[in-house]
Amino acid sequence: MTDLLKATELPPAFDPASVEAGLYNWWDSQGYFAPIDDPEAEPFVIIMPPPNVTGELHVGHALFVALQDLMIRWRRMQGYSALWLPGADHAGIAGQWVVEKILATEGLTRHDLGRERFAQRVWEYMDPMRWRIREQMMILGASCDWSRLAFTMDPQPSRAVRKVFKHLYDKGLIYRGSRLISWCPRCMTALSDLEVVHKDVPGHLWQLAYPVAGDPDREIIVATTRPETMLGDTAVAVHPGDARYSDLIGKQVRLPITNRLIPIVADDAVDMAFGTGAVKVTPAHDPNDFEIGRRNNLPAINIMNPNGTINAEGGPFEGMTVPAARDAVVNRLQQDGFIRGITEHSHPVGHCDRCGTVVEPLISEQWFVKMDDLAAPAIAAAKDGSLTFVPDRFKGVYLNWMENIHDWCISRQLWWGHRIPVWYCQDCGKLTVSEEETVDACSYCGGPVIQDEDVLDTWFSSGLWPFSTLGWPDQTEDLERYYPSDVMETGYEILFFWVARMVFFGLEMMGELPFHTVYLHGTVRDAVGAKMSKTKGNVLDPTELTATYGADALRYALLTQSGPGQDSKLHVGQIEAARNFINKVWNATRFATRIFDETPVELDADGPISPDSDALVDRWIVSRTNAVIAETNDLLEKFAFLEAGRGLRDFIWSELCDWYIEAAKVRLRGTEVERRQVAQTLAWVLERSLRLLHPMMPFASEAMWQAIPHSGESVMVARWPRPAERDLEAERDWDRIMELVTRVRNIRSESNVEPGRWITAAVYAPDGRTASVEAARRELASLARIADDQLTISGGDPVAEQGDVVVAAGDLVAVLPLSGLVDLAAERERLSKELEEAVAERGRAEAQLGNESFIARAPDKVVQVQRDRLAGALERIALLERRLTEVGG
RNA sequence: GGGCGAUUAGCUCAGCUGGUCAGAGCGCCACGUUUACACCGUGGAAGUCAGAGGUUCGAACCCUCUAUCGCCCACCA
């Protein structure tokens, strides 16, 4: 490893391919990814949201890797026993769907293969995908513990599924029953509410006339968006208080086409104001109607086959698809004269989340989880603050869902997933529920049994993930040590699907929240803000991006792109900018290595020892480094990763590179002692900076860290920096120098002084402060391109000739004899402009200070700021006015 | 029908509990090769903080309303 990156061997430009190659495997081989095996160390645990084993990773995955790996690496460096537990999900419907599509290309359906062989095919497809996912995560630098890689279909998590099922069944929280559920005719399975997405689609509202039985003069008009369901109508409902229909309640109507007699019932759910105030009731195919039917003891007639076509109950329409049946029914009603009106009407229609097919509500025998008892503690946890959300607003979203939760339909008519652990006795008919994988005999009578055909919703097993991955139901050491986890980091789009379910399962099964913090990231969109999708072809492939720019650049770009819960638009330009930043640090490191090659750096067990240089610029950068260490840590504690990343870039680029290194070049030309001071300071600052950077850009930071003086084997396991006291005096003094340099450069540029020309300057500081300027004399001269022997520093009032340019920076004034270089008229203009600004400034400060309420109510600190402003403005005005007269303005 | 988010420089976004003249990156303009870096340096231009009211000594930030875009939830047939 260390041979790979000798100090002098850093290539001139950061090349991700050569930097990242091998590094990951080296880390892995050193055992760094496993949590440290020290019972004294506090654990820090993140359970990785298991990617579906159905496809390649996309940038969304890269985002979660960046976020979770950042937290893990940071905590690991802090000395926590950091466990990041990776996994993969079998993806239920989605998984089955993918394989069915492949079969279709061979002209086969799963039925051609039969259940066993089909499941085998899915396994064959899924198994290699797990390793592909792992490989892609490795490319991204994910420092998770691969020895604990879990898969939802593995034996242990599968046993956990059965155990939980049995527990809930025994407790009466899982039940089987005929309920109105959402059915996907394409997938031919029941769905949970969450798997149904509602979209507004344009349609019609038909008004149908149902003749009142025994009264040829009367008919009742009902409104419907789904006329074909009239084949299954078993009543007409009106509001009990609706005077228009009160005399008809209890009578019957003759249903057109089928000629069945159905009752007119009264029900509060009917809205008198909508349509005609009378509603047809189809309990088997509408959630509302199902409830009305239940309240009024109405029969339910199922008119649909599992594939969505009309069944024998539909008489002449049998075998038609829903749209076809709708047209046919409307035609027939039209012919028979039962249509009383058609209006345009757009309404929400449920679609299968997975395949997009229109979902049919129908009555079916399914397994459900009773939610009320499970939701209550999950609600309490969020309310009492033991469960927190980042960003906080998702707490409300979570609570709103939990508080309005419906029972969860968990059975799926699929062949891929966890079989429902229920066996039906052929003899006594009783159910055996077991956590064993196979059951041979009825637990009541010993008779032969048949297992339930259905499988569980994939989210059922996902919901157990925080403990099923740790060995539960066995009381393993892992479970003891690492449950509960700390942070659940995932996308907000699966807050209900997954996060909410982990919460109530964790509370129910473990008696403890599975995590204390939920961090939700947003969706990574394309450059114009569209959601990435394969069909749109706007998907950015992380492997391609990492090949070009490196994993570090991709990660840094994603981290600094947007905050929690906020969607982001990813441009290649952002990744380029991140790469450029890495390149900048890279080159600063290269520069530094040259110095370290010549000048030794003192090390102790914690790397370069803290420099004790008395040079102003050294004191300044050390103080700034301490400030950044403190800030970065605070921001990470607050999950403000974006701000932390930007803060580090600003510090390294603007302060370390642009100022410190440039200033340090002066003293590198100086004495041996000075060179040592610079080397020690630079080594310390850079080494600490790379540690801070490491959680965000693991590969490049490691490569650079290896190339500079350090202690220990890897930056990955170096101690997270702790801030020391700041040197505010040095910070203030050097700030003034920087400002003066900038002002002089500005004059030079505006006056078209050749960039290479060394000029003369007299710098005036307030009496008593000349020493602090003197302390940075050579840096000041060099950075502002003032000839060292032509620079005078003194106290007292500035003295200037007519052709001189005078610039002020805070309480420092520089007089630059640029006669011949500066056009007097231009100089007058510049001075007038500055004077104007200074006068405006004075005006603002005076206005503030003249306001009695401000003086009375604003904090002293704020008032003092205004006083200082005013004083500064007055000084500048005096100086500028004097200069203006001197230059004849 | 409820709820949430966004609206700040040409573009992408910061701006923590209200307190100097609003910040960064990219882009733009001018100049530039000096012990690392042109994936760079130096200097610069660029914003009615969506709009309208209000609270306050003071508002990009707090309150009310409005507009545009987006998302989530919802059984009005």
Side-chain angles (χ1 to χ4, degrees), chain A residues 10 12-14 180 198 205 222-226 229 237 269-271 273-276 278-282 286-291 345 347-348 361 391 393-394 396-397 400-401 404 492-493 495-496 522-523 527 529 549 560-563 565-571 573-574 576-595 634-635 638 640 642-643 646 649-650 654 657-658 661-662 664-665 668-669 742 745-750 752 754-756 782 785 837 840-841 844-845 848 851-859 861-863 865-866 868-869 872:
Chain A
L10 286 187
F14 163 70
L180 194 97
H198 292 274
L205 191 63
V222 296
T224 181
T225 55
R226 304 197 52 191
T229 61
V270 178
D271 179 357
F274 187 87
T276 57
V279 57
K280 60 191 273 311
V281 182
T282 323
D286 184 280
N288 261 328
D289 295 3
F290 180 80
E291 290 304 315
H345 185 76
H347 63 125
R393 65 188 146 88
F394 282 104
V397 180
N400 182 51
W401 186 75
N404 297 292
Y492 63 69
E493 73 275 6
L495 177 61
F496 307 142
T523 307
Y549 300 100
T560 55
Q561 181 40 31
S562 70
Q566 214 57 49
D567 289 358
S568 62
K569 298 180 201 170
L570 187 66
H571 297 69
Q574 287 152 355
E576 230 167 66
R579 189 270 321 264
N580 292 355
F581 170 45
I582 297 168
N583 191 243
K584 184 73 182 176
V585 195
W586 185 264
N587 278 292
T589 305
R590 277 179 64 228
F591 173 79
T593 57
R594 289 203 208 166
I595 293 157
D634 287 352
L635 290 167
K638 281 159 47 186
L642 178 155
E643 290 85 349
R646 289 186 182 184
R649 187 196 53 205
D650 290 348
S654 307
C657 293
D658 290 347
I661 288 181
E662 291 310 315
K665 287 174 182 173
L668 286 173
R669 288 184 230 109
T742 304
R745 282 170 172 170
N746 167 270
I747 292 298
R748 294 179 57 118
S749 173
E750 285 188 356
N752 295 314
E754 305 95 279
S782 171
R785 285 228 146 210
E837 275 166 27
E841 171 95 1
R844 280 188 294 267
Q848 279 278 33
N851 184 332
E852 282 170 35
S853 310
F854 173 73
I855 302 292
R857 298 190 195 191
K861 219 174 107 188
V862 177
V863 175
V865 167
Q866 295 299 328
D868 294 347
R869 261 179 84 192

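Here is the naming used below: chain letters follow the sequence lines, and residue numbers restart at 1 for every chain.
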K.L.:
Grab the CZ-C1' distance between A:Phe496 and B:C72 for me, whole Å please.
P.N.:
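Between C1' of B:C72 and CZ of A:Phe496: 7 Å.
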
K.L.:
Once you round it to whole Å, what is the distance between C1' of B:C40 and NZ of A:Lys584?
P.N.:
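It is 6 Å, rounded to the nearest whole Å.
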
K.L.:
Once you apply a heavy-atom cut-off of 4.0 Å, does A:Ala577 come out as touching a base, just sugar-phosphate, or nothing?
P.N.:
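Sugar-phosphate contact only.
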
K.L.:
So if I take every side-chain heavy atom of A:Thr742 and compare against B:G43, B:C21, B:G5, which nucleotide ends up nearest?
P.N.:
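The listed nucleotide nearest to A:Thr742's side chain is B:G43.
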
K.L.:
Counting the atoms with a prime plus P, OP1 and OP2 as sugar-phosphate, which does A:Pro12 contact under 4.0 Å by heavy atoms, base, sugar-phosphate, or nothing?
P.N.:
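A:Pro12: no heavy atom of the nucleic acid under 4.0 Å.
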
K.L.:
Pick the C1' atom in B:G32 and in B:A14, then give their distance to the nearest Å.
P.N.:
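Comparing C1' positions in B:G32 and B:A14 gives a spacing of 31 Å.
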
K.L.:
Check every atom of B:G32, B:C75, B:C16 against the side chain of A:Pro755 and return the nucleotide holding the closest atom.
P.N.:
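For A:Pro755, the side-chain atoms sit closest to B:G32.
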
K.L.:
Can you tell me how far P of B:C4 sits from CG of A:Leu495, to the nearest Å?
P.N.:
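For the pair A:Leu495 CG and B:C4 P, the rounded distance is 16 Å.
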
K.L.:
Can you tell me if the side-chain N/O atoms of A:Arg745 get under 4.0 Å from OP1 or OP2 in B:G43?
P.N.:
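Affirmative; the distance criterion is met.
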
K.L.:
Please work out if A:Thr523 contacts a base, only the sugar-phosphate, or nothing of the nucleic acid, heavy-atom cut-off 4.0 Å.
P.N.:
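It contacts nothing in the nucleic acid.
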
K.L.:
Whole-Å distance between B:G5 C1' and A:Phe394 CZ?
P.N.:
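Rounded to the whole Å, the gap is 8 Å.
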
K.L.:
Output the single nucleotide from B:A14, B:U20, B:A36 whose closest atom is nearest the side chain of A:Arg594.
P.N.:
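Among B:A14, B:U20, B:A36, the one nearest the side chain of A:Arg594 is B:A36.
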
K.L.:
Using atom C1' of each nucleotide, how far apart are B:A45 and B:G10 to the nearest Å?
P.N.:
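Their C1' atoms lie roughly 13 Å apart.
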
K.L.:
Check A:Pro755 against A:Arg748 and note the closest heavy-atom contact, atom names and distance.
P.N.:
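That would be O-NH2, 3.2 Å.
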
K.L.:
Would you kindly compare A:Asn580 and A:Val270 by the position of their nearest RNA chain B nucleotide and give the one closer to the 5′ end?
P.N.:
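With A:Asn580 and A:Val270 compared, the 5'-side residue is A:Asn580.
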
K.L.:
From the options B:G5, B:C76, B:C31, select the nucleotide whose nearest atom is closest to the side chain of A:Phe274.
P.N.:
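My answer, after comparing the listed nucleotides, is B:C76.
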
K.L.:
Can you tell me how far apart CG (A:Asn583) and OH (A:Tyr549) are? Round to the nearest 0.5 Å.
P.N.:
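Between A:Asn583 CG and A:Tyr549 OH, I get 13.0 Å after rounding to 0.5 Å.
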
K.L.:
Which is true for A:Asp658 with a 4.0 Å heavy-atom rule: it touches a base, it touches only sugar-phosphate, or it touches nothing?
P.N.:
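Sugar-phosphate: the residue A:Asp658, judged by heavy atoms under 4.0 Å, touches backbone atoms but no base.
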
K.L.:
Using only modelled atom types and a 3.5 angstrom limit, is any donor from either the side chain of A:Lys665 or the base of B:A36 paired with an acceptor on the other?
P.N.:
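By the distance-only test, yes, there is a pair.
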
K.L.:
Check every strand shown and say whether A:Arg226 touches a base, only sugar-phosphate, or nothing at a heavy-atom separation below 4.0 Å.
P.N.:
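The residue A:Arg226 makes no contact with any strand.
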
K.L.:
Side-chain donor or acceptor of A:Arg579 under 3.5 Å from a matching atom on the base of B:C39?
P.N.:
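Such a pair is found, so the answer is yes.
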
K.L.:
Quick check against the 3.5 Å criterion: does A:Gln574 have a side-chain atom that pairs as donor or acceptor with the backbone of A:His571?
P.N.:
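Checking the backbone N and O of A:His571 against the side chain of A:Gln574, a donor-acceptor pair under 3.5 Å is found.
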
K.L.:
Would you check if the side chain of A:Thr593 reaches a backbone N or O of A:Arg590 as a donor-acceptor pair within less than 3.5 Å?
P.N.:
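Yes; at least one donor-acceptor contact below 3.5 Å.
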
K.L.:
Begin with the C-alpha distance, continue with both residues' side-chain angles, and end with the deciding distance and a verdict on side chain to side chain contact (heavy atoms under 4.5 Å, CB included) for A:Phe14 and A:Val585.
P.N.:
CA-CA 9 Å; A:Phe14 163 70; A:Val585 195; over 6 Å; no

K.L.:
Considering just the side-chain nitrogens and oxygens of A:Asn851, establish if one lies under 4.0 Å of OP1 or OP2 belonging to B:G58.
P.N.:
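For B:G58, OP1/OP2 do not have a side-chain N/O of A:Asn851 under 4.0 Å.
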
K.L.:
Any N or O donor-acceptor pair under 3.5 Å from the base of B:A36 to the side chain of A:Glu662?
P.N.:
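When only heavy-atom distances are counted, A:Glu662 does reach the base of B:A36 through a donor-acceptor pair under 3.5 Å.
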
K.L.:
Could you tell me how far apart A:Gln566 (CD) and B:C72 (P) are, to the nearest whole angstrom?
P.N.:
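Value for this atom pair: 14 Å.
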
K.L.:
Let's see if you can work this out: which of B:A36, B:G15, B:A77 has an atom nearest to the side-chain heavy atoms of A:Glu643?
P.N.:
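For A:Glu643, the side-chain atoms sit closest to B:G15.
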
K.L.:
Write down the distance separating the P atoms in B:G25 and B:C21, rounded off to the nearest Å.
P.N.:
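Looking at atom P only, B:G25 and B:C21 are 23 Å apart.
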
K.L.:
Would you please confirm or rule out a distance under 4.0 Å between OP1 or OP2 of B:C13 and any side-chain N or O of A:His571?
P.N.:
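So the side-chain polar atoms of A:His571 never come under 4.0 Å of the phosphate oxygens OP1 or OP2 of B:C13.
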
K.L.:
Using both distances under 3.5 Å as the test, list the Watson-Crick or G-U wobble partner of B:A30, or none.
P.N.:
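When the pairing criteria are applied, B:U42 turns out to be the nucleotide that pairs with B:A30.
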
K.L.:
By the 4.0 Å heavy-atom rule, please label A:His198 as base, sugar-phosphate, or nothing.
P.N.:
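No contact.
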
K.L.:
So if I take every side-chain heavy atom of A:Arg869 and compare against B:A36, B:C72, B:C21, which nucleotide ends up nearest?
P.N.:
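The nucleotide sitting nearest to the side chain is B:C21.
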
K.L.:
With rounding to the closest Å, how many angstrom separate the C1' atoms on B:G54 and B:C61?
P.N.:
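It works out to 15 Å between them.
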
K.L.:
Between A:Val397 and A:Arg393, which residue's closest nucleotide on RNA chain B lies nearer the 5′ terminus?
P.N.:
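The 5'-side residue here is A:Arg393.
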
K.L.:
Paired with B:U12: which nucleotide, if any, by Watson-Crick or G-U wobble criteria at under 3.5 Å for both distances?
P.N.:
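Looking at the geometry, B:U12 pairs with B:A24.
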
K.L.:
Less than 4.0 Å between a side-chain N and a carboxylate O, is that true for A:Arg646 and A:Glu643?
P.N.:
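A:Arg646 and A:Glu643: not salt-bridged.
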
K.L.:
Mind checking who B:C37 pairs with, Watson-Crick or G-U wobble, both distances under 3.5 Å?
P.N.:
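Pair assignment: B:C37 / none.
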
K.L.:
Could you tell me the Watson-Crick or G-U partner of B:G18, where both distances fall under 3.5 Å? Say none if there is no partner.
P.N.:
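Base-paired to nothing in any strand shown.
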
K.L.:
Please pick, from B:C39, B:A77, B:G25, the nucleotide with the shortest atom-to-atom distance to any side-chain atom of A:Asp271.
P.N.:
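When the side chain of A:Asp271 is considered, B:A77 is the closest of B:C39, B:A77, B:G25.
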
K.L.:
Is B:U7 paired to anything, Watson-Crick or G-U wobble with both distances less than 3.5 Å, and if yes, which nucleotide?
P.N.:
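Pairing partner, where one exists within any strand: B:A67.
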
K.L.:
So does A:Asn746 get a side-chain nitrogen or oxygen closer than 4.0 Å to the phosphate oxygens (OP1/OP2) of B:G44?
P.N.:
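Looking at the OP1 and OP2 atoms of B:G44, one of them is under 4.0 Å from a side-chain N or O of A:Asn746.
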
K.L.:
Is there a side chain to side chain contact (heavy atoms under 4.5 Å, CB included) between A:Thr229 and A:Asp286? Walk through the geometry before answering.
P.N.:
CA-CA 9 Å; A:Thr229 61; A:Asp286 184 280; over 6 Å; no

K.L.:
For the P atoms, the ones on B:C16 and on B:C62, what distance do you get once it is rounded to whole angstrom?
P.N.:
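After rounding to an integer number of Å, I get 9 Å for this pair.
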
K.L.:
Just compare B:U34, B:A14, B:A77 and give me whichever is closest to any side-chain atom of A:Thr225.
P.N.:
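Per side-chain heavy atoms of A:Thr225, the pick is B:A77.
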
K.L.:
Please report, rounded to the nearest Å, how far the P atom of B:U20 is from the CD atom of A:Gln848.
P.N.:
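It works out to 10 Å between those atoms.
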
K.L.:
As an exercise, state the distance from NZ of A:Lys665 to OG of A:Ser782, rounded to the nearest 0.5 Å.
P.N.:
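One gets 9.0 Å once the value is rounded to the nearest 0.5 Å.
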
K.L.:
When both hydrogen-bonding distances must be under 3.5 Å and the geometry is Watson-Crick or G-U wobble, what is B:C62 paired with, if anything?
P.N.:
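B:C62 is paired with B:G54.
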
K.L.:
Using a distance-only criterion (donor-acceptor N/O pair, under 3.5 Å, no hydrogens), is the base of B:C21 paired with the side chain of A:Glu841?
P.N.:
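Result: at least one qualifying N/O pair found.
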
K.L.:
If you compare every side-chain N and O of A:Lys569 against the phosphate oxygens of B:U12 (OP1, OP2), does one of them come in below 4.0 Å?
P.N.:
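Yes, such a contact exists.
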
K.L.:
Atom CD of A:Gln561 to atom P of B:C11: distance rounded to whole Å?
P.N.:
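It is 15 Å, rounded to the nearest whole Å.
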
K.L.:
Starting from C1' on B:U34, measure out to CZ on A:Arg748 and report it in whole angstrom.
P.N.:
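Distance, rounded to whole Å: 12 Å.
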
K.L.:
Between A:His345 and A:Phe274, how do the two ring planes meet: parallel, tilted or perpendicular, split at 30° and 60°?
P.N.:
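Geometry flag for A:Phe274 against A:His345: perpendicular rings.
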
K.L.:
On the nucleotide B:A14, are OP1 or OP2 found under 4.0 Å from the side-chain N or O atoms that A:Arg646 carries?
P.N.:
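No.
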
K.L.:
Does any nucleotide pair with B:A77 by Watson-Crick or G-U wobble geometry, both distances under 3.5 Å, and what is it?
P.N.:
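With both distances under 3.5 Å required, B:A77 matches none.
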
